[in-house]
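Everything numeric here is computed off the predicted structure, so don't read it as measured data.
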Protein chains: 2
Amino acid sequence: MPYCYAYARPALTVDCVVFGYDAEALQVLLIQRDLEPFIGKWALPGGFVRVEETLDDAARRELREETGLADLYLEQLYTFGALARDPRERVVSVAYYALVELFSHPVRAATDARDAAWFPVADTPPLAFDHADILAVAHARLRGKVRYQPIGFELLPEKFTLTQLQRLYETILDQPLDKRNFRKKILGMGLLVELDEVEQDVAHRAARLYRFDAATYRRLCERGFNFEL
Amino acid sequence: MPYCYAYARPALTVDCVVFGYDAEALQVLLIQRDLEPFIGKWALPGGFVRVEETLDDAARRELREETGLADLYLEQLYTFGALARDPRERVVSVAYYALVELFSHPVRAATDARDAAWFPVADTPPLAFDHADILAVAHARLRGKVRYQPIGFELLPEKFTLTQLQRLYETILDQPLDKRNFRKKILGMGLLVELDEVEQDVAHRAARLYRFDAATYRRLCERGFNFEL
DNA sequence: TTGACGTCGTGTAAAATAGACACTATGATG
DNA sequence: CATCATAGTGTCTATTTTACACGACGTCAA
């Protein structure tokens with residue numbers, strides 16, 4: 001035990017809530033633990049912060065190690081510090097969350113994880129630690145944020161139809177939206193680029209594809225832009 | 001050095017950004033450090049988290065010890081984990097923020113603090129550690145939050161005039177508001193109770209006093225209420 | 001080839017909300 | 001009783017939001 005201090009210190013961990021979307025439901029990425037405590041239970045990917053890495057780096061590293069996901073945009077969510085959230089000892093955890101497009105991000109279990117898989121947010125298995133609380137906070141934050149920042153696009157493939165986008169928003173906000181009003185509003189923002197392509201292999205009239213215009217978005221942001229639904 | 005661990009651990013601290021308002025400007029509570037490092041420098045109140053207390057408790061305790069303030073509504077802000085934010089060693093800090101009515105919260109320096117005082121947010125002395133960053137994040141959060149949650153009331157005395165409330169919002173948002181529209185909107189929410197009192201000792205027509213109706217607010221919140229400016 | 005099916009894509013009118021704007025009322029003071 | 005400072009109040013216009021329905025297009029199967 002070579003690391004000694006004058007006062008007791010809580011251990012410090014990070015946990016990641018990664019949301020995905022698969023045209024049906026909002027999903028969350030979980031790992032099946034291969035370590036005590038809660039061995040065999042499903043949990044959020046995460047682990048201990050090393051003393052020479054930042055919190056953001058630790059979150060990225062753990063996510064990569066345990067699930068194979070890399071290069072996500074992770075955002076800090078909240079820091080959980082209840083006394084008994086870990087049965088071993090006092091552990092404080094900084095939670096992060098991220099959004100990804102499901103199909104282009106295959107996951108694979110690795111270090112410390114027996115398995116890694118997507119689950120519908122509304123129907124997860126029982127989670128280890130206080131991870132159900134963390135997931136709930138993340139889900140609430142997602143619902144709140146999606147209204148005033150165009151983060152929904154992170155969850156879709158690069159090219160998408162307006163109907164896909166609308167379904168995504170309806171799923172996250174859990175309320176139906178009017179098709180014409182939705183299109184009017186979203187197109188009116190000028191953040192979508194209409195492509196010269198339509199979707200393929202559908203058994204009905206194919207819909208036009210669009211992509212998100214990140215450059216325009218950044219320009220608008222700097223002049224104080226607000227998204228609003 | 002009686003506390004030993006298998007891996008090195010960052011130290012964990014809390015820091016508190018307490019905003020006040022004095023009819024002139026938005027203020028922030030600072031302490032003058034009486035400990036190394038940065039002895040003599042101004043800083044946010046805060047300190048080490050004990051292993052047997054929650055983060056919220058640690059924030060409340062440090063604030064009480066260093067400034068005499070108690071019973072505030074503290075809200076977690078963000079966790080700062082840059083590698084070199086403390087010159088001694090790796091320290092991760094969970095920042096909190098709070099709003100108080102200045103005059104009814106006298107501050108006094110105590111433990112580890114040579115002095116405690118209010119400074120205008122726009123004109124603070126140089127701060128220790130990365131506390132200027134923390135203050136900036138807190139200020140941004142305050143500006144953002146004040147638009148959609150009625151937190152402004154925390155900064156005023158229990159009884160206040162509509163003009164005082166308007167000045168507060170103008171200060172936080174840093175933009176002028178129209179008197180009639182402001183009154184229309186704020187009264188239209190039904191969150192203010194008109195009192196049978198007017199302000200005293202003013203050299204002109206006295207304004208009616210109001211108080212915030214917290215009970216009604218809670219009721220509205222549960223049904224999904226949104227404040228909006 | 002043609003008809004049925006399913007989704008795509010589009011516009012308008014009514015209602016609600018936000019924003020601009022200026023004068024009278026009241027109480028204190030000299 | 002005139003002056004001063006702030007309190008308090010309403011209307012009109014512009015903008016935004018909401019509600020709402022049908023023809024176009026491509027696929028498929030008879």
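For B/T163 and B/Q166, the side-chain atoms include no donor-acceptor pair closer than 3.5 Å.
The local environment of CZ in A/R208 is crowded, with over 12 non-hydrogen atoms from other residues, nucleotides or ligands closer than 6.0 Å. Annotation for B/R108: atom CZ does not count as buried by contact number, only 12 or fewer foreign heavy atoms lying within 6.0 Å.
Among D/dA7, C/dC21, D/dC28, the nucleotide with an atom closest to any side-chain atom of B/R183 is D/dA7. For A/D178, the listed nucleotide lying nearest its side chain is D/dC20; candidates were C/dC21, C/dG9, D/dC20.
For the pair B/K179 NZ and D/dT9 C1', the computed distance is 9 Å after rounding to whole Å. Atom-to-atom, CD of B/Q164 to P of D/dA7 comes out at 9 Å; the value is rounded to the nearest Å. Across the protein-nucleic acid pair, A/F182 atom CZ and C/dG9 atom C1' stand 14 Å apart, rounded to whole Å. Rounding to whole angstrom units, CD of residue B/Q200 and P of C/dG27 are separated by 12 Å. Separating the CG atom of A/D201 from the P atom of C/dT7 is a distance of 16 Å, rounded to the nearest angstrom. Whole-Å rounding puts the A/N181 CG to C/dA16 C1' distance at 14 Å. The distance from atom CD of A/E199 to atom P of C/dG6 is 16 Å, rounded to the nearest whole Å. Between A/Q166 atom CD and C/dT7 atom C1' the separation is 12 Å, expressed in whole Å.
Contact between the side-chain N/O atoms of B/T163 and the OP1/OP2 oxygens of D/dT6 is not found at any separation under 4.0 Å.
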- [ ] List the steps and the verdict of side-chain contact (heavy atoms from CB on, under 4.5 Å) for A/T13 and A/V94.
- [x] CA-CA 6 Å; A/T13 62; A/V94 183; over 6 Å; no

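Position along DNA chain D of the nearest nucleotide to A/H204 versus B/A203 favours B/A203 as the more 5'-ward residue.
At a cut-off of 3.5 angstrom, counting only N and O atoms as typed in the model, there is no donor on one side facing an acceptor on the other between the side-chain of B/R205 and the base of D/dA5. At a cut-off of 3.5 angstrom, counting only N and O atoms as typed in the model, there is a donor on one side and an acceptor on the other between the side-chain of A/R180 and the base of D/dA21. A/K184 contributes a side-chain N or O that forms a donor-acceptor pair with the base of C/dT12 under 3.5 Å.
In this structure, A/T161 reaches neither bases nor backbone, as no heavy-atom distance under 4.0 Å exists between it and the strands shown. Residue contacts for A/R208: at a heavy-atom cut-off of 4.0 Å it reaches the sugar-phosphate backbone alone, with no base atom in range.
Taking 4.0 Å as the cut-off between side-chain N and carboxylate O, A/K145 and A/E75 count as a salt-bridged pair.
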